[in-house]
Amino acid sequence: MTTGPVSRTLAVLGGKPAFARPLHVGRPNLPDRAAFLRYVDEIFDSRWLTNMGPLVRRFEERLCEFLGVRYCIPICNGTIALELATRAVGFRGEVIVPSFTFIASAHSLQWQEMTPVFCDIDEESLTLDPALAEDLITPLTTGILPVHVYGNPCDTAGIESLAARHGLKIVYDAAHAFGNRIGGDPVGSFGSAEVFSFHATKFFNTFEGGAISTNDEALADKVRLMMNFGFGGKVKDSVDYLGTNGKMTEICAAMGLAMLDCIDDIRETNRLNFESYGRGLEGIPGISLLTPPSSLTACNWQYVVVRVDAAEFGLTRDDLVSVLEAENVLARRYFYPGCHRMYPYSERRHPAIRSLPVTERVTSEILSLPTGQSVGAADVARICELMEMAWAQSSAVRAALAGKEISGA
Ligand code: T4K
């Protein structure tokens, strides 16, 4: 993957890029090809492609077993799963959500004409701060949608106590946290429901996909109704509810089953990459690697995220993005600039707009680095070396970048 011995000149200063081909954040992890194809053979043999087919049903059973929850309903993607879960628990009016998340968390509410009310985050965990959320509660508030961002555990105890005091429901956006455990309990078992994304770029993928996990039977029944156009199934052709189409296909379930067969290997690959980053980045002034807290008793290690202290590093986070992009390392600024600065929430008249100082600071400092199966220890070492060179040559880099803008993240 690399172009050979370390180039002593950074590409941004005129040297040759360190990597011949782009190194992405979010390159999919893949299962064993033969294992996947055996599941595909079953689809061809059964001629059953979608609508709660045998593989989706088996996938659901395996998900429940893996997570230790009563229900984990496969859905066509994480965004629709968020829409279904928040609607099924009865959210309406205003819902408190962090701005420091992927836009789908907020859009899943706004799409249903609920108002996402953005709450600032805790500086350490980068997740919704329940103490600040309390001030945002109004008579219109019906729920909280906290996000285990980068798989970091939310303050579940604080959020649950807040919700109980105000009679609010909680749905967690657990898109990043599949396979994680908080204080011994699986992510998937908190709140009224938790929502996973199984998008291609996630730790665990089904091409596109997602799931709603819950221990509440009535809620699970409601989700099943809503995800299948409202067909209840008890009386032929009768529609019992306003529904949509949230079904997962058999091919996606095939991917999910094959991925579950190798999930421990993927976790281990990520863990080793994380350790390599830890060693390689140690001691670079102004670069701190976000480390999972001790309350996370199992971790998917999918997110390698650094914070860049521009004063100490000598370059801003965006300068570092430019340095790395020139080397073919496509680091990403997830989740810049924060939902509150994106359409439609950034519109002056939008009721969600408010001051979020921690979110503002964090979104200007964070950077996600490539990991997963397609990244090896040598790649990680090279990326760390490039970051160290950027620090050591920061004045020359600043001069070279003056006036240039980054291509976007
Ligand atoms: N909640 C949270 C907290 C989320 O992070 C997400 C999704 C959701 C909810 C919604 O779940 P889904 O409805 O998506 O299931 C990506 C993903 O599309 C999105 O799923 C994810 N979060 C978000 C954080 O990242 P983009 O627009 O940044 O993706 P894109 O196309 O730039 O791809 C990222 C990188 O991955 C690229 O550099 C190339 C690489 N890649 C991507 C794909 C799809 C590949 O190498 N192969 C591929 O097949 O949103």
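We count ligands from 1, going down the list as the structure has it; atoms in each ligand are counted the same way. Numbering starts at 1 and runs along the sequence shown.
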Inset, instruction - Please indicate whether any nitrogen or oxygen in T101 is less than 3.5 Å from any nitrogen or oxygen in ligand 1. - result: no
Inset, instruction - Before signing off on this row, confirm whether G78 and ligand 1 have an N or O atom pair separated by under 3.5 Å. - result: yes
Inset, instruction - State plainly whether the residues R58 and E42 are in salt-bridge range, i.e. N to O under 4.0 Å. - result: yes
Legend entry - Heavy-atom nearest neighbour in the protein, as seen from atom 15 (O) of ligand 1, with distance rounded to 0.1 Å: S197 OG, 2.7 Å
Inset, instruction - For ligand 1, find out whether one of its N or O atoms is nearer than 3.5 Å to an N or O atom of G26. - result: yes
Legend entry - Closest protein heavy atom to atom 46 (O) of ligand 1, given as residue, atom name and distance to 0.1 Å: R27 NH1, 2.6 Å
Inset, instruction - Return yes when F335 approaches ligand 1 closer than 4.0 angstrom through a heavy atom, no otherwise. - result: yes
Inset, instruction - Identify the protein heavy atom lying closest to atom 21 (C) of ligand 1, giving its residue, its atom name and the separation to 0.1 Å. - result: K202 NZ, 2.8 Å
Inset, instruction - Ignoring angles and geometry beyond distance, decide whether Y334 reaches within less than 3.5 Å of ligand 1 through its nitrogen or oxygen atoms. - result: yes
Inset, instruction - Among all protein heavy atoms, pick out the one at the shortest distance from atom 32 (O) of ligand 1; state its residue, atom name and that distance to 0.1 Å. - result: R332 NH1, 3.0 Å
Legend entry - Residue, atom name and distance, where the atom is the protein heavy atom closest to atom 4 (C) of ligand 1: F102 CB, 3.4 Å
Legend entry - Basic-acidic side-chain contact under 4.0 Å: D261, R62: yes
Inset, instruction - Can you establish whether the number of heavy atoms outside R267 located under 6.0 Å from its atom CZ is more than 12? - result: yes
Legend entry - CZ (R165) with more than 12 external heavy atoms under 6.0 Å: yes
Legend entry - Minimum-distance protein heavy atom relative to atom 39 (C) of ligand 1: H24 ND1, 3.5 Å
Legend entry - Under-4.0 Å protein heavy-atom contact, atom 28 (O) of ligand 1: yes
Inset, instruction - For ligand 1, indicate whether the residue D173 contacts it via side chain, backbone, both or neither (heavy-atom separation under 4.0 Å). - result: side chain
Inset, instruction - Write out the residue and atom name of the closest protein heavy atom to atom 45 (C) of ligand 1, then the distance separating them to 0.1 Å. - result: P28 CD, 3.5 Å
Inset, instruction - Tell me whether the centres of the aromatic rings in F335 and H176 are closer together than 6.0 Å. - result: yes
Legend entry - Protein residue, atom and distance nearest to atom 2 (C) of ligand 1, heavy-atom basis: A175 CB, 3.4 Å
Legend entry - ligand 1 contacted by G209 (non-hydrogen, < 4.0 Å): yes
Legend entry - ligand 1 contact by S105, heavy-atom criterion under 4.0 angstrom: yes
Inset, instruction - Indicate whether any N or O donor in one side chain lies under 3.5 Å from an N or O acceptor in the other, for T86 and Q112. - result: yes
